[in-house]
Amino acid sequence: MSRQVKERLKKEVAEMKNQFPGFRPGLVVLQVGDRDDSNLYISMKLKAAAEIGINANHIRLPETATEDEVLRSIVAVNENPAVHGLIVQLPLDSINTINAEKVTNAVAPEKDVDGLTSINAGKLSRGDLGDCFIPCTPNGCMELISQTGVSVMGKNAVVIGRSKIVGAPMHDLLLWNHATVTTCHSKTLDLAEQVGRADILVVGAGRAEMVKGEWVKEGAVVIDCGINHVPDSSKASGKRVVGDVHYPSAKERAGYITPVPGGVGPMTVAMLMKNTVESAKRFLQAYTPGKWNIDYTKKKPQEPQPSDADISCSCQSKPIGQLAREVGLFSEEVEPYGTSRAKIRLDALKRMEKQPDGKYVVVTGITSTPLGEGKRTTALGLAQALGAHLNINAFACVQEPTPGSCFGARGIAVGGGYSQIIPLEEVCLRPFCKRDFKIYLIKWNVNIFQHIDPRSAFSLQVLFDLLVPLRRGQRSFSPAQLNRMKKLGIEKSDPLAFTGTEIRRFVRLDIDPDTATGDLFFLMGVCAVQDPGSLENEIMAILSLSSSVEEMQQRLAKIVVATSKSGDPVTTEDLDVSGPLAMLLKGTLKPVLMQTVEGTPVFLHTSPLADIAQGSPSILADKLALKMVGSEGFVVTESGHGADIGLETFFNIKCRCSDLQPDVVVMVATVRTLKMHGGAPPVQAGLPLPKEYSQENLKQLERGCCHLKRQVENAQAFGLPVIVAVNKFSSDTHAELELVCGQARQAGAFEAVQCTNWSDGGAGALALAEAVQRAAKLPGQFRFLYDPQIPAVDKLRTVAQKMYGAKDIKLSPKAKEKLALYTKQDFGNLPVCIAKTHLSLSNDPMSNFMLPITDIKANAGAGFLCCLTESVSFILHIYIYNIRTRYINTHVLNLRSA
């Protein structure tokens, strides 16, 4: 009989595979310990699953497993979408106390194919048979009864036993199939009389042959669920298996009776498979391949529009754990920080590494006014339009807000209006605190100072003993020290074998004091006026460009802090601080998950400055999001400043490191910015817009569109389709918007659309989302601007001429000297990052001639050469940045204490 059920299930599984290629019902059996009887039962289940076509796995925990370990294993299986059934094999054979009821109820009800959770038991007792899983043994009994041809309806049924696994659910099942049911047990006084009235008798009392044959009603259906061992000297094992019914005498009176063994047992296994297949069917009913089961919140815009802060306060964000589950993350991969944000462990990326990537969209802009033109707002609005309105898996990846963006003229939100990240007050809490970072690093300043200062009062041997301390009676070199010795050509690994000369070479770095950078003084805890904050900026760039903890460690070890007198670079690894740096920064490598106003998922991660680094979200955030959205989904990321700076470094630095190739470029433009480029008075932060910006002036606007044309050409230089998104303001006229869109199309843009996502949320970016969908279907032709192997001067010239329209570059004597040094140090093949003003295509807002390179810094850890065009501007920028940081550290803490 069980064979017929299995054959039917095998056909159903085959049909599933045909309808959903690559899909298989999944079953997991969780066992604690190594009991022989449990192993036997599990092998039967695994064999049956294999015959039917179910993908079954066996998880065996050792007998030392604790209750928490068992529960964690259950949660992991609950969250795995490839598993549709979970069996906890009882008993739990552990040396530790484990609450079996708690463990059983930890199984997700929709995967409880054993039907033992309280939720499924409760539904069965209420008669909700179509919305629960029925325990396998009672379900098998009903199948056996139905195969006899005897109708249950109206019959007198007696159930002997009241266990949660057999007796109690069997009573409910017979009752809801319209039988008149009596439950008996070992304490029932008139047991023989009750049995004699039964048309259907189900016995599961666990007592060998307690029901005698003469008790059984003539023609009754007898289902014996008992398995008992009784002595039998004729058997090799000295015992035999019998049921709860005396089979030889009962079969003479019963119309139908199940043998033991070979009766209920095989049917129980068959019903377990049936429940698993049924669970897989239910999963497929709510499953669309590649689609998240996510709830979005479409806000109805208010008139007049409230402030960003008021909009954020009016939105109820879903719990971050719920959002993580909706986008396919497991709870063990999520580290919540409160209810609205969480860090995502890198294990998630390893789990998904074989999944295909989604479509990759980068949002850039034209050269903007100091007020900003809504580039990030457009990026978030686009993600909302794709997700909440077009029902496509969509993720946004943006930078963490810097103090300048939190307290500057552009407001405190990430995004704005109905296209922002919520809750606003938590967006501005940065997980990477530079003040704590400085305090932590100063712990090494004395050792570092002694390591590099030839005037140190310590002897060489004392310094050597400090650097290679005694641990458990032995001295040994750290990995960083071994790498340093390799550079020095010292092949010894035993500290005791070092000669005096080798000790001196190992201890003294022989630094040329004229080459010591601010990084070195920063590590020593000394303020460096000439180059403040550069170590922090390079570290942020390293975090943004690293794809793993191991890569981050390698990059941190390459940070150059000085040059030796022989012309060799001195790195953090030489100072033996790269290991502690990596330990400190390990937690900051995890992207932060939050959500938009409409519930679209967002990663916030890292904030490298756009003028002296690549200025974009982390590679890790982009890679993880691309895996999560699936092959048909979209990831919307951003680049800093305009296409001439941020987009160029995004492609030539970030994409080289990540091996990711974007599919579409979205360029944000506004009428007011193009008016400024057409000759309108400059906009100043904190002051009202001049009247020229609220008056229609098509000639002035058309002159400004020359700038838009040049930036479109800049983006097209990388071989990707460019879509111009015109961010609409209330002062813009229809004629102005149409003029800009027309000029963009003439410049070669794939499409140009108007966007109102600031006031309308995702609905205001629907046209943009549809254009992005169309553009993403075009065959990829992505290309870099230059070959990294060409000389650094040629790379600088290529960027200056193709991106800025400069005639040529002009290197200062200092820049020439630095470039010669870095070429000698094998840094000449690194990509270049030109640090210049973001307010003009050229270095000088008032000119368009030679591009002067005044200084060059090797960010060897980050992997690029930072080329400064105006040192004074650079120092001023960092100075303001640090002042704002101190403002946050002082005033935000005061606000909290108040």
Taking atom [atom1] of [X] as the centre, report whether more than 12 heavy atoms of other residues, nucleotides or ligands fall under 6.0 Å from it.
{"X": "Lys350", "atom1": "NZ", "result": "no"}
{"X": "Leu189", "atom1": "CG", "result": "no"}
{"X": "Ile59", "atom1": "CD1", "result": "yes"}
{"X": "Arg282", "atom1": "CZ", "result": "yes"}

First locate atom [atom1] of [X], then atom [atom2] of [Y], and finally report the distance between them rounded to the nearest 0.5 Å.
{"X": "Lys298", "Y": "His389", "atom1": "NZ", "atom2": "NE2", "result": "5.5 Å"}
{"X": "Ile422", "Y": "Lys318", "atom1": "CD1", "atom2": "NZ", "result": "10.0 Å"}
{"X": "Leu386", "Y": "Lys359", "atom1": "CG", "atom2": "NZ", "result": "12.5 Å"}
{"X": "His84", "Y": "Phe23", "atom1": "NE2", "atom2": "CZ", "result": "3.5 Å"}
{"X": "Thr117", "Y": "Glu110", "atom1": "OG1", "atom2": "CD", "result": "9.5 Å"}
{"X": "Met170", "Y": "Ser163", "atom1": "CE", "atom2": "OG", "result": "11.5 Å"}

Check ion pair [X]-[Y] (N to O, under 4.0 angstrom):
{"X": "Glu632", "Y": "Lys291", "answer": "no"}
{"X": "Glu193", "Y": "Arg197", "answer": "yes"}
{"X": "Glu278", "Y": "Lys274", "answer": "no"}
{"X": "Arg253", "Y": "Glu218", "answer": "yes"}

Any heavy-atom pair between the side chains of [Y] and [X] that's under 4.5 Å?
{"X": "Val32", "Y": "Val70", "answer": "yes"}
{"X": "Ile200", "Y": "Val158", "answer": "no"}
{"X": "Tyr256", "Y": "Val150", "answer": "yes"}
{"X": "Met628", "Y": "Leu329", "answer": "yes"}
{"X": "Asn55", "Y": "Leu27", "answer": "no"}
{"X": "Val230", "Y": "Arg240", "answer": "yes"}
{"X": "Met16", "Y": "Pro25", "answer": "yes"}
{"X": "Lys102", "Y": "Leu71", "answer": "yes"}

Think Arg325 forms a cation-pi with Phe330, using NZ or CZ under 6.0 Å from the six-ring centre and within 45 degrees of its axis?
-> no
Taking every non-hydrogen atom, the tightest pair across [X] and [Y]:
{"X": "Phe133", "Y": "Ser279", "value": "CZ-CB, 3.5 Å"}
{"X": "Ala394", "Y": "Thr600", "value": "O-CG2, 3.7 Å"}
{"X": "Pro135", "Y": "Leu124", "value": "CD-CD2, 4.0 Å"}
{"X": "Pro91", "Y": "Ser38", "value": "CD-OG, 4.3 Å"}
{"X": "Asp244", "Y": "Ala208", "value": "OD1-N, 4.4 Å"}
{"X": "Ile294", "Y": "Gly599", "value": "CD1-O, 4.0 Å"}

Testing the 3.5 Å rule here: is there a donor-acceptor pair between the side chains of [X] and [Y]?
{"X": "Asp224", "Y": "Thr258", "result": "no"}
{"X": "Gln19", "Y": "Glu15", "result": "no"}
{"X": "Glu79", "Y": "Ser331", "result": "yes"}
{"X": "Ser234", "Y": "Asp232", "result": "yes"}
{"X": "Glu598", "Y": "Thr297", "result": "no"}

Is the backbone of [Y] close enough, under 3.5 Å, to the side chain of [X] for a donor and an acceptor to pair up by distance?
{"X": "Asn78", "Y": "Ala108", "answer": "yes"}
{"X": "Asn156", "Y": "Asp199", "answer": "no"}
{"X": "Lys299", "Y": "Val597", "answer": "no"}
{"X": "Asn18", "Y": "Ala14", "answer": "yes"}
{"X": "Lys627", "Y": "Glu353", "answer": "yes"}
{"X": "Asn120", "Y": "Pro109", "answer": "yes"}
{"X": "Lys155", "Y": "Ser151", "answer": "yes"}
{"X": "Thr104", "Y": "Ala100", "answer": "yes"}
{"X": "Gln147", "Y": "Leu144", "answer": "no"}
{"X": "Asp112", "Y": "Gly115", "answer": "yes"}

| task | Quick one: do Asp93 and Gln31 satisfy side-chain hydrogen bond (donor to acceptor under 3.5 Å, both in side chains)? Show the steps, please. | result | CA-CA 8 Å; Asp93 185 24; Gln31 178 187 12; over 6 Å; no
Please lay out, stage by stage, how Val221 and Leu201 fare under the test side chain to side chain contact (heavy atoms under 4.5 Å, CB included).
CA-CA 6 Å; Val221 175; Leu201 176 64; over 6 Å; no
From the list Thr137, Leu272, Val5, Asn139, side chain to side chain contact (heavy atoms under 4.5 Å, CB included) partner of Met267 resolves to Val5
Which of Gln89, His58, Arg60 passes side chain to side chain donor-acceptor pair (under 3.5 Å) with Asn39? Answer is Arg60
Worksheet item: Would Val242 and Ile227 satisfy side chain to side chain contact (heavy atoms under 4.5 Å, CB included), going step by step from the backbone distance to the final call?
Response: CA-CA 6 Å; Val242 299; Ile227 298 178; over 6 Å; no
*asked:* Walk me through whether Thr596 and Gln384 qualify under side-chain hydrogen bond (donor to acceptor under 3.5 Å, both in side chains).
replied: CA-CA 8 Å; Thr596 67; Gln384 290 184 153; 2.8 Å; yes
message: Assess the residue pair Arg3 and Glu51 against the criterion (side chain to side chain contact (heavy atoms under 4.5 Å, CB included)); give the C-alpha distance rounded to whole Å, side-chain angles, the decisive distance to 0.1 Å, and a yes or no.
response: CA-CA 10 Å; Arg3 172 58 57 185; Glu51 291 174 355; 3.7 Å; yes
Quiz item: Where does the angle between the aromatic ring planes of Phe395 and Trp292 fall among parallel (under 30°), tilted (30 to 60°) and perpendicular (over 60°)?
Solution: perpendicular
Do Glu63 and Ser94 pass the side-chain hydrogen bond (donor to acceptor under 3.5 Å, both in side chains) test, and can you show the C-alpha distance, the side-chain angles, and the key distance before you say yes or no?
CA-CA 4 Å; Glu63 63 177 5; Ser94 174; over 6 Å; no
Check: Checking side chain to side chain contact (heavy atoms under 4.5 Å, CB included) for the pair Glu101/Ser118: CA distance, chi angles, key distance, verdict?
Finding: CA-CA 9 Å; Glu101 184 74 11; Ser118 297; 3.8 Å; yes
